[in-house]
S.K.: 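Here you go, one structure.
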Amino acid sequence: IASDTIFYHISNLRTQGYQLRFYPEDISWTNDALEAYLVDSYLSQKWPVHPTDSTIIRFETNTDPSSKVSGRFFLVFKQLVALPVQFLSVNAVKTGESNVNITWKVGQELPNGWYLVEHSTNGQQFSTIGRVNVNLSQSGTYHFIDTKADAGYNYYRITFISSSGEVQKSRVVKVWFDLPVAEVTVYPNPVKEGLANIRMQNLPQGKYIVTIYNTQAQVIFRKNIFHNFNTGIYPISTKGIITSGLYVIEIQDSKGQKW
């Protein structure tokens, strides 16, 4: 399939979120010069589809009828332009809590050039995280370790650049890292001398509202805090405001999510 398109007809969509899962079966895809993209005609976006592993793409519909049209999505196969470097394989394997070993093998390569290791969290916008020079003594086998992988999907590709300016990109591979669990802890409990600490871990940076309620759901105390770190500890003083008793403390972010 050098250049072809598969159209998907999806009907009876409601106004909500959905996900599309692609899983290749009985497909022999060994040609790294061929790539596939799912195109969203409503958002004018495209996502790479993995040739051997499952690909999950999330999308939403809204009150706009165009977001629910039957032919919103289609899969496009594209033949990459042949260049002197032939990528035989590209792989990414998780090797630690935030480490990924990226390996690639080429069948032929120019003696003067280099490889850029590129990373993305959405499969579309890539940034360079490393460079490996061509080394003909390695029989076309290379590797690079990413020590700062993000939570969620991490996408990788290799870009070859020759000394004369020729450029060729490999197919995209991906690795999943579990999302960290958001935690909010208040200590000591019970509070001593009107002083408490709020420990926030794995929460997004931003403004949070701390509210304390009594057993009648009345607001007794409210304060804004600005969380600027992955883990932060914020002291709260309620001296002269709260007496001994049972209270409920609530932390809310700018989107309304509560802990």
Side-chain angles (χ1 to χ4, degrees), residues 17-24 27 29-60 72-81 83 85-106 109 113-134 141-162 165-180 202 204-206 230:
Y18 292 92
Q19 71 175 21
L20 294 173
R21 181 188 294 268
F22 293 85
Y23 186 79
I27 297 178
W29 193 335
T30 59
N31 182 7
D32 274 332
L34 185 66
E35 59 183 357
Y37 287 93
L38 181 74
V39 178
D40 183 343
S41 60
Y42 175 65
L43 297 178
S44 298
Q45 295 180 349
K46 65 179 182 179
W47 297 271
V49 175
H50 199 282
T52 58
D53 194 8
S54 60
T55 301
I56 299 176
I57 297 172
R58 295 176 174 83
F59 71 97
E60 294 182 352
R72 173 175 171 175
F73 297 97
F74 53 92
L75 188 66
V76 176
F77 293 88
K78 182 181 178 182
Q79 185 76 41
L80 298 176
V81 178
L83 289 175
V85 169
Q86 177 188 11
F87 285 99
L88 298 179
S89 65
V90 180
N91 295 286
V93 178
K94 180 168 59 175
T95 59
E97 291 185 358
S98 61
N99 293 352
V100 177
N101 186 26
I102 304 106
T103 59
W104 64 98
K105 185 173 180 60
V106 297
E109 59 186 339
W114 57 90
Y115 298 94
L116 298 181
V117 182
E118 299 177 327
H119 172 264
S120 170
T121 56
N122 60 15
Q124 299 182 66
Q125 287 82 35
F126 285 82
S127 60
T128 300
I129 60 173
R131 167 174 166 162
V132 179
N133 291 329
V134 168
T141 301
Y142 297 88
H143 85 282
F144 179 87
I145 297 179
D146 179 12
T147 60
K148 298 180 179 179
D150 294 292
Y153 277 114
N154 290 262
Y155 299 84
Y156 299 93
R157 72 183 180 193
I158 308 299
T159 296
F160 170 77
I161 302 178
S162 71
E166 294 175 294
V167 177
Q168 182 177 358
K169 298 182 182 297
S170 74
R171 66 181 177 90
V172 177
V173 294
K174 68 177 190 247
V175 173
W176 169 265
F177 279 85
D178 291 334
L179 298 173
N202 297 325
Q205 294 185 5
N230 180 48

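Here the structure is a predicted model, which means the values were calculated and not measured. Residue numbers run from 1 in the order of the sequence given.
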S.K.: Heavy atoms, side chains only, cut-off 4.5 Å: are Val106 and Gln86 in contact?
M.R.: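 Side chain of Val106 against side chain of Gln86, heavy atoms only: no contact under 4.5 Å found.
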S.K.: Flag the pair Val172 / Phe126 as yes when at least one side-chain heavy-atom distance between them is below 4.5 Å, and no otherwise.
M.R.: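 The answer is yes; the side chains approach within 4.5 Å.
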S.K.: Keeping Ser98 on the side-chain end and Thr147 on the backbone end, is there a donor-acceptor pair under 3.5 Å?
M.R.: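 Such a contact is found between Ser98 side chain and Thr147 backbone.
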S.K.: Give, for atom OH of Tyr156 and atom CZ of Phe144, the distance between the pair rounded to the nearest 0.5 Å.
M.R.: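 One gets 9.0 Å once the value is rounded to the nearest 0.5 Å.
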S.K.: Please report the closest heavy-atom contact between Val93 and Val175, naming both atoms and the distance.
M.R.: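 Looks like N-CG2, 4.2 Å.
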S.K.: Test your reading of the model: is there a side-chain donor-acceptor pair from Asn99 to the backbone of Thr95, 3.5 Å cut-off?
M.R.: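 Flag not set: sc Asn99 to bb Thr95 has no pair under 3.5 Å.
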S.K.: At what distance, to the nearest 0.5 angstrom, does CH2 of Trp104 lie from NE2 of His143?
M.R.: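 Here the interatomic distance stands at 8.5 Å.
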S.K.: Closest heavy-atom contact between Glu60 and Gly17?
M.R.: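 Reported closest heavy-atom pair: CG-CA, 4.0 Å.
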S.K.: List the atom of Ser162, the atom of Trp114, and the distance in Å for their closest heavy-atom pair.
M.R.: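 Closest heavy-atom pair between Ser162 and Trp114: O-CH2, 4.3 Å.
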S.K.: With sequence neighbours excluded, tell me which residues meet side-chain hydrogen bond (donor to acceptor under 3.5 Å, both in side chains) with Tyr37.
M.R.: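 Partners of Tyr37 by the side-chain hydrogen bond (donor to acceptor under 3.5 Å, both in side chains) criterion, ordered by chain and then number, come out as Glu35.
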S.K.: Is the shortest side-chain heavy-atom distance between Phe59 and Tyr42 below 4.5 Å?
M.R.: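 Counting from C-beta outward, Phe59 and Tyr42 never come under 4.5 Å.
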S.K.: Taking the side chain from Thr55 and the backbone from Val49, do they hold a donor-acceptor pair closer than 3.5 Å?
M.R.: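 No; zero donor-acceptor contacts below 3.5 Å.
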S.K.: How long is the span from the OG atom in Ser170 to the CD atom in Glu118, to the nearest 0.5 Å?
M.R.: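 Taking OG in Ser170 and CD in Glu118, the distance rounds to 8.5 Å.
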S.K.: Between Phe87 and Val85, is there a side-chain heavy-atom distance shorter than 4.5 Å?
M.R.: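 Yes, side chains in contact.
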S.K.: Quick check for you: to the nearest 0.5 Å, what is the distance between Trp176 atom CH2 and Asp150 atom CG?
M.R.: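 Between atom CH2 of Trp176 and atom CG of Asp150 there are 11.5 Å.
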S.K.: Can a donor-acceptor pair be found, under 3.5 Å and without considering hydrogens, that links the side chain of Ser41 to the backbone of Arg72?
M.R.: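 Yes.
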S.K.: Apply the side-chain contact (heavy atoms from CB on, under 4.5 Å) test between Val117 and each candidate in Thr159, Ile158, Ile145; give the one that qualifies.
M.R.: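 Running side-chain contact (heavy atoms from CB on, under 4.5 Å) over Thr159, Ile158, Ile145 with Val117 returns exactly one hit, Ile158.
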S.K.: Answer yes or no: is there a donor N or O on one side and an acceptor on the other, between the side chain of Arg171 and the main chain of Val90, under 3.5 Å?
M.R.: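 Side chain of Arg171 to backbone of Val90: a pair is present.
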S.K.: Please verify the inter-ring angle class for Tyr115 with Phe160; under 30° counts as parallel, over 60° as perpendicular, anything in between as tilted.
M.R.: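 Judged by the thresholds at 30° and 60°, the geometry between Tyr115 and Phe160 is tilted.
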S.K.: Shortest non-hydrogen contact from Pro48 to Gly123?
M.R.: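 Shortest heavy-atom separation between Pro48 and Gly123 comes out as CD-O, 3.3 Å.
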S.K.: How far apart are the closest heavy atoms of Val100 and Ala149, and which atoms are they?
M.R.: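 Minimum heavy-atom separation between Val100 and Ala149: CG2-CB, 3.9 Å.
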S.K.: Got a second to check how far Thr121's OG1 is from Asn154's CG, nearest 0.5 Å?
M.R.: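 These two atoms lie 7.5 Å from each other.
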S.K.: What's the spacing between Asp40 CG and Leu20 CG if we round to 0.5 Å?
M.R.: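 One gets 9.0 Å once the value is rounded to the nearest 0.5 Å.
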S.K.: So, for Asn122 and Tyr155, which heavy atoms are closest and what is the spacing to 0.1 Å?
M.R.: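 Shortest heavy-atom separation between Asn122 and Tyr155 comes out as C-CE1, 3.7 Å.
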